[in-house]
Q: 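After the structure tokens below, expect a handful of questions from me.
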Amino acid sequence: MSEASSEKAQKLRLIYEKYKNRMYISACRILCDPFVAEDAVHEAFVAILRHIEKIEDVDSVSTASYCIKAAKNTAINMSVKRSRESAVPVDEVDEVFDESMLDMICSKENFDIVVSAIMNLDEKYRDVLSLYYLNELTVKEMADLLCRKESTVKQQLSRGRKKLINIISKEIEDYGKESVAEKSV
């Protein structure tokens, strides 16, 4: 093993030990499945390894932010992929669900819609909204993590919410138009 490879391996080992738990918590909050969250963290570390040379200081706030974002984005991608793979046409469902099961499915669909809408925002809004809603961080924690002023984070959170509401409203409107079109056919 070359010296450069050895340094990369050591840096990755340090990052893993320092951030694996926080990354796992972020992935768990999104995926709600500890085993899939572990997979998301491992996939995130593969992505981190591809860009390991960009990380200078393992202990910096920017490295912590980068690692948590990597885990979060991987988990969101896995969640979206899982929801697409598990979609079953209504006419193929042959078991009767009770109301609590239906409520759970509806809330999961809404979560996926919100996550999908967040992912369509500009990065500055996407980061703030996902840290706030998915990672449940406070404004102060987000400001520290993103190296921004609290006032900036509050402003981005406010503007991001408005953009998020517009995206979700448009999706609901489009869904309503599709439902009407299907009924008239």
Q: For the side chain of T63 and the backbone of D57, is there at least one donor-acceptor N/O pair under 3.5 Å apart?
A: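 Present.
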
Q: Kindly compute the distance separating CG (L31) from CD1 (I76), expressed to the nearest 0.5 Å.
A: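 One finds 9.0 Å between CG of L31 and CD1 of I76.
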
Q: Would one find more than 12 heavy atoms of other residues, nucleotides or ligands at under 6.0 Å from atom NZ of K11?
A: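 Atom NZ in K11 is crowded, with more than 12 foreign heavy atoms closer than 6.0 Å.
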
Q: Could you walk me through whether N73 and M119 satisfy the side chain to side chain contact (heavy atoms under 4.5 Å, CB included) test, starting with their C-alpha distance in whole Å, then the side-chain angles of each, then the deciding distance to 0.1 Å, before giving a yes or no?
A: CA-CA 9 Å; N73 289 338; M119 294 308 293; 4.0 Å; yes

Q: If you look only at pairs with a residue in residues 38-51, which of them pass as a side-chain hydrogen bond (donor to acceptor under 3.5 Å, both in side chains), with sequence neighbours excluded?
A: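 Listed once each, the pairs would be none.
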
Q: Check whether more than 12 heavy atoms from other residues, nucleotides or ligands sit under 6.0 Å from atom CD of E53, and answer yes or no.
A: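 More than 12 heavy atoms, drawn from other residues, nucleotides or ligands, come within 6.0 Å of this atom.
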
Q: Could you report the tightest heavy-atom contact between A27 and A75, atom names first, then the distance?
A: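 Minimum heavy-atom contact is CA-CB, 3.8 Å.
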
Q: Membership question, hydrophobic clusters at under 4.5 Å side-chain separation (ILVMFWY): are I68 and I25 in the same one?
A: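 Result: no, two separate clusters.
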
Q: Check the side chains of K72 and S26 for a donor-acceptor pair under 3.5 angstrom, ignoring hydrogens and angles.
A: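 Their side chains do not contain a donor-acceptor pair, so the 3.5 Å distance test is not met.
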
Q: Side-chain heavy atoms nearer than 4.5 Å, only ILVMFWY residues, links allowed to pass through others: does that put V36 and Y24 together?
A: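 In one cluster with V36: Y24, no.
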
Q: Who passes salt bridge (charged side-chain N to carboxylate O under 4.0 Å, His left out) against K162, sequence neighbours left out?
A: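 Scan of K162 (salt bridge (charged side-chain N to carboxylate O under 4.0 Å, His left out), adjacent residues dropped) gives none.
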
Q: Got a second to check how far Y16's OH is from L49's CG, nearest 0.5 Å?
A: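 Rounded to the nearest 0.5 Å, the OH-CG separation comes to 14.0 Å.
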
Q: A70: what forms a side-chain contact (heavy atoms from CB on, under 4.5 Å) with it, not counting sequence neighbours?
A: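 Once residues adjacent in sequence are excluded, the partners of A70 under the side-chain contact (heavy atoms from CB on, under 4.5 Å) criterion are A44, I48.
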
Q: Are I30 and M23 in one and the same hydrophobic cluster, where Ile, Leu, Val, Met, Phe, Trp and Tyr link if side-chain heavy atoms are under 4.5 Å apart?
A: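 No; tracing contacts between hydrophobic side chains, which count when under 4.5 Å, never links both residues.
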
Q: Does I52 form a side chain to side chain contact (heavy atoms under 4.5 Å, CB included) with I15? I'd like the steps, not just the answer.
A: CA-CA 10 Å; I52 196 83; I15 292 169; 3.7 Å; yes

Q: Which pairs, with at least one residue in residues 147-156 and sequence neighbours excluded, count as a side-chain hydrogen bond (donor to acceptor under 3.5 Å, both in side chains)?
A: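 Counting only pairs at least two positions apart or across chains, the side-chain hydrogen bond (donor to acceptor under 3.5 Å, both in side chains) contacts touching residues 147-156 are R148-Q156.
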
Q: Which residues pass the side-chain contact (heavy atoms from CB on, under 4.5 Å) test with S62, sequence neighbours left out?
A: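 Testing S62 for side-chain contact (heavy atoms from CB on, under 4.5 Å), a comparison that skips the adjacent residues, returns S60.
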
Q: By side-chain contact (heavy atoms from CB on, under 4.5 Å), which residues pair with Y132, not counting sequence neighbours?
A: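 side-chain contact (heavy atoms from CB on, under 4.5 Å) check on Y132 returns M142, L157, R161.
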
Q: Is there a side chain to side chain contact (heavy atoms under 4.5 Å, CB included) between M78 and K81? Walk through the geometry before answering.
A: CA-CA 5 Å; M78 290 175 81; K81 185 178 178 185; 5.6 Å; no

Q: Between OH of Y19 and CZ of F45, what distance do you get to the nearest 0.5 Å?
A: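 Here the rounded value is 10.0 Å.
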
Q: In the single-linkage hydrophobic clustering (I, L, V, M, F, W, Y; side-chain heavy atoms under 4.5 Å), do L129 and V139 co-cluster?
A: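 Yes.
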
Q: Can you measure from CG (L121) to CG (L164) and round to the nearest 0.5 angstrom?
A: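 Answer for the CG-CG pair, L121 versus L164, is 6.0 Å.
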
Q: Answer yes or no: is there a donor N or O on one side and an acceptor on the other, between the side chain of K20 and the main chain of V41, under 3.5 Å?
A: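 Looks like no, no N/O pair under 3.5 Å.
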
